[in-house]
Asks: 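Mind having a look at this structure? Questions to follow.
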Amino acid sequence: MNAARPQTTPPATAMATLLEVSGVSVSFDGFKAINNLSFQIGPAELRAIIGPNGAGKTTFMDIITGKTRPQEGRVLWGEKSVSLLKMSEAKIAQAGVGRKFQRPTVFEDQSVHDNLLMAVKNNRAPFSVLFYRPGFADLARVEELAAEIGLEEELKRKSGELSHGQKQWLEIGMLLAQDPRLLLVDEPAAGMTLSEREQTTDILREAAKTRAVVVVEHDMEFVRRLNCKVTVLHEGSVLAEGSLDHVTKNQDVIDVYLGR
Amino acid sequence: MKSSFITRNPSVLIFLALLALFTIAVTFMSEAFGAGLISTSFVKTLGKTLCLCLIAIAMDLVWGYCGILSLGHFAFFGLGGYMIGMWLMYARTEAIVISSLANAPIPPTAQEVTDAIGTQIFGVVGSSEFPAIWAFADSLFLQLVLVVLVPGALALVFGWLAFRSRVTGVYLSILTQAMTLALALYLFQNDSGLRGNNGLSGLQNLPGVTASQDTVSMWFLWGSALALGLGYLLAAWVVSGKFGSVIRGIRDDEARVRFLGYSVEGYKLFVFTLTAIIAAIAGALYYPQAGIINPAEVAPIASIYLAVWVAIGGRGRLYGAVIGAAFVSLISTWFTGGGAPDINLGFYKILWTDWWLVLLGLSFVTVTLLAPQGISGLFDRLAGFRSPRRHGAALGPDKGSLQEKEATE
Ligand SMILES: Nc1ncnc2c1ncn2[C@@H]1O[C@H](COP(=O)(O)OP(=O)(O)O)[C@@H](O)[C@H]1O
Ligand SMILES: [Mg+2]
C-alpha cells in the first residue's frame, strides 16, 4: 500500500510532472470529501482513477479545474509550478486543463460545428471573440476534429439531436479542440454501447500520446482496455496506485470494493 | 463580409425593409408631409413604440440570448431620457428667459440669466440653485455623451459587482429590481437635483426650432426608426458569430462555458453594459416624444412589463422582441386610451382602462403555457423550424434563463 505519499517531492522531478497535487483536503459542512490527497501526472501519460461512488473522484476534478477550492494543500501546474488555486476556472482552462463532465454537456441548441468552433483554441477575450470570423485554418480544424470523433456527417445538425454516445464524443472533441495539456474525463463510457466504448478508449489512448489524460471510470473492463496506471480513490484519499493487476490484488482495494 | 452577413441572416434584410416601408407609409400619411390621415399624436405614439421596440431588442439580447433576466433595464432607459431632458429643459428655459429679459432697460448679466433659468426650472422644488449634476446641461453635445456614459457606467459598476460575486437567476433579477427601485426612490426626492416627482417636462419643444409639432414628431419618428434599424443590425451582428455562440452557451450552461476557458463574467458584463447603452439611447429618443419624464417611469414594474413584452413576442429571436413590444404597447395604448369599447354586462360594466392589466396578465400566462416561443414561435412553426432543445427542462418564459440545474455531482 502506497497511500499518503509524503509531500516532499523534490523539485528535480518537476520537469517530469505536469500536475502535482499534494496534501489537498476539502470538507463540505464538516464532511471530508477529500482527505490529504496527493497525486501526480506526467506530460504525456494516461491514468485511470477508480473508486466506489462517493470516493471523491468528481470532487478531485473540481479542485483541479478551480470549481471547488480546497481548504488545505497545493495544486501546482506546468514547468513553472504555478499554483492553480488562485486562478479562475476560465484561466485554468486557458492554461491547458480541459474537462469532460460526467453527464454529457454540449450546447444542445447549437450545431455540432458551432460547438466545436467555440472550443477551438483561440483568443477568448470578449472583444476579440466579437470581431472573430472563422478563418480557413479554424474551419479545417473543425472538420478534422469531427472526423476524429466520427461526427463529420453531423456537423450541421443541432447537437441536441445527437445520440447519447455521440454527445459524449462531441464533448471529447470539444476538449481536443481546446488542445489542452491535461484532459480530465469523468465517466466517459457511462451509457455507451460496447462498440462506442471501444471507440472511446481508442480516442483517449490516442490523445494520451501527446498530453496527460486522467480518466475516471467505474467499469473495470473499460479500465483494462485503457491499459494504463491506475489510482484507486477511497474516502477522499489514494488507497492504491499501480497497474490494474497490481491494485486489484491489493487487499484494501478488495475490501473496499467487495467488503460491504 | 457584409454581404455574407446578410445572406446568413436574411431576416435582417426583411426586417429593415419592413421598417423602411413602415416609415415611408407613416410619412405619406402624416399631417406634416402627407395626406394627414394620421394625427400627430398618433405619429408620436408610433415613434415611441419604435423606441420601445429598441429597448425590447436590448432585453432580448441580455435575457433571450445571454440568459440574464434583468428586471432593471428601464432604469437605463429612464436615465437616457433624463440626460437628454436636462439639455432640452435648460436650453428652452434659457431661450424664454433671454427673450423676456431682452426688453429690460439694463441688459442682464450672465449671472442674472443663469439665476433666472434656475428659478424657472427649480422653483417647483423650492430652489433656484443649479445642482452640480446640471453642470453640462447647456451643452447638447455633452448631454448626448452623458446619455451613453451615465447609464453605461451604472450598468458597468452594477454588473461588475453582481457578476463577480456570481449572482445568477432569481437573485440577480431581484437585485436588478432593487437597483431600479433605488433609482426611482432617489429621483423622487426633491433634492435629487432632477425636480423630484415633477420630473422634467416640456421636452417635446426643441430649443431653437420653429417647426410645428407636426414636423418635429416626424423627425423623431425618423430618428427612432433609424435607431431601431441600426440597433437591430448591431444586435443581429453581435449574436450571429462566435460571440453569439458563447452567450447562448452561457444562457444554457454557464459552467461549461467557463471550463472552455471563456470568462463568463466578462461576457455578461459586456452584454449587460451594451444593452444598457442601447436602452439609454432608446430612452433618449422616447422622452422628447412623450414630452415628460418623471421618476414613475423607472418604477420596477416598467422593467417587468419589458420582460413580458419579450416573452410574449418570443425570446431568443430579435424580431420576436420587436413584435412583442410593438404589439403589446400598441394594444395597451388602445385599451388604456379608451379605444376599446367598454362592455356592459348589465350587472357589471367592464372598463378596459381597469381590466386591461388583467387581460395582459392572462395573455402572458396563456403564452407561457401554450406557446412558450411566443408570437414569433408561430412564424417558426409556419416555416417548419424545429424548436431548439435545451439542456434540462425549461421553466417557462418568465424564467427562461433558469434552466433545470445541471447535475454537477
Ligand atoms: N457540493 C457538495 N456539497 C456537499 N457534499 C458534496 C458536494 N460535492 C460532493 N459532495 C460529497 O462528497 C463526496 C464525494 O463526491 P464525488 O466527488 O461526487 O464522488 P464520486 O465522483 O467519486 O462518486 C460524496 O459523499 C458527496 O456527497
Ligand atoms: Mg462522480
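Hydrogens, waters and symmetry mates are skipped; everything else that's a heavy atom, side chains included, is used. The sequence lines fix the lettering, A, B, ..., with proteins before strands; numbering per chain opens at 1.
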Asks: What pairs meet the ring-ring contact (aromatic ring centres under 6.0 Å, His included) rule with one or both residues in residues 140-182 of chain A, with sequence neighbours excluded?
Replies: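 Residue pairs with at least one partner in residues 140-182 of chain A: there are none.
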Asks: For A:Ala95, is it the side chain, the backbone, both, or neither that has a heavy atom closer than 4.5 Å to a heavy atom of chain B?
Replies: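 Neither part; nothing is under 4.5 Å.
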Asks: Got a second to check how far B:Arg258's CZ is from A:Arg99's CZ, nearest 0.5 Å?
Replies: 12.5 Å
Asks: Considering all heavy atoms of both residues, which atom of A:Phe107 and which atom of B:Val257 are nearest to each other, and what is their separation?
Replies: CZ-CG2, 3.5 Å
Asks: For A:Phe131, enumerate each residue passing the ring-ring contact (aromatic ring centres under 6.0 Å, His included) test, keeping only those at least two apart in sequence or located in another chain.
Replies: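 Residues passing ring-ring contact (aromatic ring centres under 6.0 Å, His included) with A:Phe131: B:Trp237.
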Asks: Residues in salt bridge (Lys or Arg N to Asp or Glu O under 4.0 Å) with A:Glu217, at least two apart?
Replies: none
Asks: So which atom in A:Arg133 and which in B:Ser240 form the shortest heavy-atom distance, rounded to 0.1 Å?
Replies: NH2-OG, 3.9 Å
Asks: Relative to chain B, which of A:Ala93, A:Ala177, A:Ser88 shows the most heavy atom pairs under 4.5 Å?
Replies: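 Ranked by contacts with chain B, first place is A:Ala93.
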Asks: Between B:Ser245 and A:Gln110, is any pair of side-chain heavy atoms under 4.5 Å apart?
Replies: yes
Asks: Which residues in residues 261-273 of chain B have any heavy atom lying under 4.5 Å from a heavy atom of chain A?
Replies: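 Expected list: B:Gly261, B:Tyr262, B:Ser263, B:Gly266, B:Tyr267, B:Phe270.
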Asks: Give a yes or no on whether the backbone of B:Asp252 and the side-chain of A:Glu108 come within a donor-acceptor separation of less than 3.5 Å.
Replies: no
Asks: Indicate the atoms forming the closest heavy-atom contact of B:Arg248 with A:Asp109, along with that distance.
Replies: NH1-OD2, 4.2 Å
Asks: What pair of heavy atoms forms the shortest contact from A:Val120 to B:Lys242, and how long is it?
Replies: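 Heavy atoms only, the tightest pair is O-NZ, 4.3 Å.
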Asks: Hey, does the side chain of B:Arg256 reach the backbone of A:Phe101 with a donor-acceptor pair shorter than 3.5 angstrom?
Replies: no
Asks: Roughly how far apart are B:Leu260 CG and A:Gln94 CD, rounded to 0.5 Å?
Replies: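 CD of A:Gln94 is found 11.0 Å from CG of B:Leu260.
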Asks: Considering only heavy atoms, which portion of A:Asn115 lies under 4.5 Å from any heavy atom of chain B: side chain, backbone, both, or neither?
Replies: neither
Asks: Output yes when a side-chain donor or acceptor of A:Glu89 lies under 3.5 Å from a complementary backbone atom of B:Ala255, and no otherwise.
Replies: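 Not a single qualifying donor-acceptor pair exists.
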